[in-house]
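Working notes, structure below.
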Amino acid sequence: MAPSTQIAEAECLANGERSQFSDFIPAFALLAAGLIALLIAFAASSEDRGQYVIVTAPWADTVQTIRQISSTGGGFLEFGGFSNIVLAASSDPDFVSSMQAEGAWLVLPLPRLAGCFALSGEAEK
């Protein structure tokens, strides 16, 4: 860099001009708030159909999580996008609290049915 360019940049910073990155901070904050609101709306609008998304600690062993699901009266459905996310099914009304007692970080109802299950009334069509 030429000395004159360095001097011009130093003068811009000294005059209180912001860097280009700081212009994007409000946009990133809105994006984060929107994603959090979307997650909350997703969790709140899902009715309990007996199928759940279970999120455990990132370092949790998948085999141990599947054992916890079966020991709390549930059944394993499929793996999620990451090793600490699994889908499970249970008709036990205490399944959510039992999984949380076993160490699950989140137990959320699925918004749609996974696998080869049908809603009551759909199987008759």
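Treat the numbers as computed from the prediction; the structure is a model and nothing was measured. Atoms considered below: every heavy atom in the structure, side chains included; atoms not considered: hydrogens, waters and symmetry mates.
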- prompt: If every non-hydrogen atom of Glu102 is compared with every non-hydrogen atom of Gln68, which pair is closest and at what distance?
  reply: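 What the structure gives for the nearest pair is O-NE2, 3.3 Å.
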
field: Exercise: identify the closest heavy-atom pair between Ser90 and Gly74
entry: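 Here Ser90 and Gly74 meet closest at CB-CA, 3.8 Å.
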
Give, for atom [atom1] of [X] and atom [atom2] of [Y], the distance between the pair rounded to the nearest 0.5 Å.
X: Asn84; Y: Asp61; atom1: CG; atom2: CG; value: 11.5 Å
X: Gln64; Y: Arg67; atom1: CD; atom2: CZ; value: 8.0 Å
X: Leu106; Y: Thr56; atom1: CG; atom2: OG1; value: 10.0 Å
X: Asp92; Y: Met99; atom1: CG; atom2: CE; value: 12.0 Å
X: Phe79; Y: Ile66; atom1: CZ; atom2: CD1; value: 4.0 Å

- request: List, by chain and then residue number, the residues other than Trp105 in its hydrophobic cluster (Ile/Leu/Val/Met/Phe/Trp/Tyr, side-chain heavy atoms under 4.5 Å); write none if there are no others.
  value: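 Besides Trp105, the cluster holds Trp59.
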
Sub-4.5 Å side-chain heavy-atom contact between [X] and [Y]:
X: Gln51; Y: Leu77; result: yes
X: Ile54; Y: Ile85; result: no
X: Tyr52; Y: Val96; result: yes

message: The criterion is side-chain contact (heavy atoms from CB on, under 4.5 Å); which residues satisfy it with Ser98, sequence neighbours excluded?
response: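 Partners of Ser98 by the side-chain contact (heavy atoms from CB on, under 4.5 Å) criterion, ordered by chain and then number, come out as Thr72, Asp94.
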
- request: Please list, chain by chain and in numerical order, all residues satisfying ring-ring contact (aromatic ring centres under 6.0 Å, His included) with Phe24, sequence neighbours excluded.
  value: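 If we apply the ring-ring contact (aromatic ring centres under 6.0 Å, His included) test to Phe24, skipping adjacent residues, there are no hits.
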
